[in-house]
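All chains are named by letter (A, B, ...) in the order of the sequence lines, taking the proteins before the strands, and each is independently numbered beginning at 1.
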Number of protein chains: 2
Amino acid sequence: MQAVSATQDPQGTPRDTSEALLVTLMRMLRLIKRAHDAPIEPALQYVLYNVNCTGPLRLSDLAAQVQLDISTVSRHVRALEVSGHLERAADPADKRAALLSVTESGRKVLHDTFARRRAVLSTALSAWPEADLNTLEHLLNRLADDLETELKPSAPKRSDS
Amino acid sequence: MQAVSATQDPQGTPRDTSEALLVTLMRMLRLIKRAHDAPIEPALQYVLYNVNCTGPLRLSDLAAQVQLDISTVSRHVRALEVSGHLERAADPADKRAALLSVTESGRKVLHDTFARRRAVLSTALSAWPEADLNTLEHLLNRLADDLETELKPSAPKRSDS
DNA sequence: TGCGCTTGGTTGGGTCATGCAACTATTACC
DNA sequence: GGTAATAGTTGCATGACCCAACCAAGCGCA
């Protein structure tokens, strides 16, 4: 099956589209992390962002969503709570659980962070045609979804085609 | 300037293409890392891969290439050396430096790792038209280059348009 | 009602990756 | 030779993780 267009010689020196893609991804992430200028750590941003997106939700659901261990998320949530960017409300349906939601302060942090980052990306992307940008986002999302579908059959998610 | 197509309401809830893109990237990287099934750690893979790509090279050059601190790379190189995947040859021109190169064993590890990963990606991408895959790679690379150009003016790199 | 099982979260402990700063070994330049 | 730059290494601290053990609130059920 050659849909992946591998172009590696048999004796090592592996080089194929998907691999190069991966390396590019890593490089990018590193660059972005490096340019970290925000009021909160990248990992916290990530969590906060996700809480913001999917409304009040349980810690365990959040963990599933961001694909981190519950314990990890638990600590991040605590940190965000202490700094006032996130708050927990008792789940009326289950006293064990707590519903997380972003506070005003948290929203502000997110907003600022994104504004900053957007500035960076804007510059880098200013020469990009809108269409390309949308295409990239679309394809990347599809890839992520497909990958997720494959790696976690438990979460039957469908990519848009 | 709206090339980035921000669609966020003024009061928080930031949502724009670039941000979503970033989050998708993080999710993907995590997925891939999670599926880590290889004989060596991802970070070591990354280093090994780069040594393999750009032939015998110095540690400092390698560090620049992978964008990690020299000390970090130093440790990774040591680890790879100990496990026999990498070897250092004295640089004839400079006794301080060493030239790193991948051993046969290292090539094998890379090969296996990539084969494994390729299998995963192949499945995920089997339904993808080749064209989309190429487009994705192309756009992603462009993005990485543009970003790099902006974040490190020291490295005047040009993206292909 | 009270004993066990399940489930939502927290905590303890350990690992890996990484950067910064201090240090050693070589060169390079006068 | 003496001093400054350079290639790497090592000590130390931090952040982000995960796994396993644990606590606490429901849930069944006799």
A.B. asks: Tell me the interatomic distance from B/Asp91, atom CG, to D/dG8, atom P, rounded to whole angstroms.
C.D. replies: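 It is 8 Å, rounded to the nearest whole Å.
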
A.B. asks: Show your reasoning for whether salt bridge (Lys or Arg N to Asp or Glu O under 4.0 Å) applies to B/Asp112 and B/Lys108.
C.D. replies: CA-CA 6 Å; B/Asp112 292 354; B/Lys108 175 152 181 25; 2.9 Å; yes

A.B. asks: If a pair satisfies side chain to side chain donor-acceptor pair (under 3.5 Å) and one of its residues is in residues 74-83 of chain A, list it, with sequence neighbours excluded.
C.D. replies: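 For residues 74-83 of chain A: A/Glu81-A/Arg88.
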
A.B. asks: Let me confirm one number: the CG-CG distance from B/Leu86 to B/Leu100, rounded to the nearest 0.5 Å.
C.D. replies: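 Here the rounded value is 5.5 Å.
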
A.B. asks: So, does B/Thr103 use its side chain to make a donor-acceptor pair with the main chain of B/Glu87 at under 3.5 Å?
C.D. replies: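 Checking the backbone N and O of B/Glu87 against the side chain of B/Thr103, no donor-acceptor pair under 3.5 Å is found.
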
A.B. asks: Write down the protein N/O and nucleotide N/O pairs, taken from nucleotides 3-7 of chain D, whose separation is under 3.5 Å; answer none if there are no such pairs.
C.D. replies:
from	atom 1	to	atom 2	distance (Å)
D/dT6	O4'	B/Arg96	NH1	3.2
D/dT6	O2	B/Arg96	NH1	2.5

A.B. asks: Quick check on D/dT9: is either OP1 or OP2 less than 4.0 Å from any side-chain nitrogen or oxygen of B/Ser71?
C.D. replies: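 It does not, given that no N or O in the side chain of B/Ser71 lies less than 4.0 Å from OP1 or OP2 of D/dT9.
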
A.B. asks: When the distance from CD of B/Gln67 to P of C/dG19 is rounded to whole Å, what number comes out?
C.D. replies: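 Going from CD in B/Gln67 over to P in C/dG19 covers 10 Å.
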
A.B. asks: Could you give the CD-to-P distance, from A/Gln45 to D/dA16, as a whole number of Å?
C.D. replies: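 After rounding, the gap between these two atoms is 10 Å.
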
A.B. asks: Take atom CG of A/Leu44 and atom C1' of D/dC17, then tell me their distance rounded to the nearest Å.
C.D. replies: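 These atoms are roughly 13 Å apart.
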
A.B. asks: Whole-Å distance between D/dA16 C1' and A/Ile70 CD1?
C.D. replies: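 It is 17 Å, rounded to the nearest whole Å.
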
A.B. asks: Taking for each residue the nucleotide of DNA chain D bearing the nearest heavy atom, is the 5' side occupied by A/His76 or by A/Lys95?
C.D. replies: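 Mapping each residue to its closest nucleotide by heavy atoms, the 5'-most match is A/His76.
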
A.B. asks: Roughly, in whole Å, what's the span from CG in B/Leu62 to P in D/dT9?
C.D. replies: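 So the CG-P distance, B/Leu62 to D/dT9, works out to 11 Å.
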
A.B. asks: So, taking the atom named CG in A/Leu48 and the one named NE2 in A/His85, what distance separates them when rounded to the nearest 0.5 Å?
C.D. replies: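 A/Leu48 CG to A/His85 NE2: 7.0 Å, rounded to 0.5 Å.
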
A.B. asks: Check each of A/Asn52, A/Leu62, A/Thr72 against A/Val47 using the side chain to side chain contact (heavy atoms under 4.5 Å, CB included) test, and report the only one that passes.
C.D. replies: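 Exactly one pass, corresponding to A/Leu62.
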
A.B. asks: Is there, by distance only and without an angle test, a donor paired with an acceptor across the side chain of A/Arg88 and the base of C/dG8 below 3.5 Å?
C.D. replies: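 Flag unset: no donor-acceptor pair detected.
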
A.B. asks: Expressed as a whole number of angstroms, how long is the span from A/Leu80:CG to C/dT10:P?
C.D. replies: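 Rounded to whole Å, this separation is 13 Å.
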
A.B. asks: Does a nitrogen or oxygen in the side chain of B/Thr72 sit under 4.0 Å from OP1 or OP2 of C/dA17?
C.D. replies: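 So the side chain of B/Thr72 is outside the cut-off, no N or O lying under 4.0 Å from OP1 or OP2 of C/dA17.
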
A.B. asks: In whole angstroms, how far is the P atom of D/dA16 from the OH atom of A/Tyr46?
C.D. replies: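 Answer to the nearest Å: 13 Å.
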
A.B. asks: Between B/Asp61 and B/Arg75, who's closer to the 5' end of DNA chain D by nearest nucleotide?
C.D. replies: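 Whichever sits nearer the 5' end wins; that is B/Asp61.
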
A.B. asks: Report yes or no: do B/Leu99 and B/Leu59 belong to one cluster of Ile/Leu/Val/Met/Phe/Trp/Tyr joined by side chain heavy-atom distances under 4.5 Å?
C.D. replies: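 No, B/Leu99 and B/Leu59 fall in different hydrophobic clusters.
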
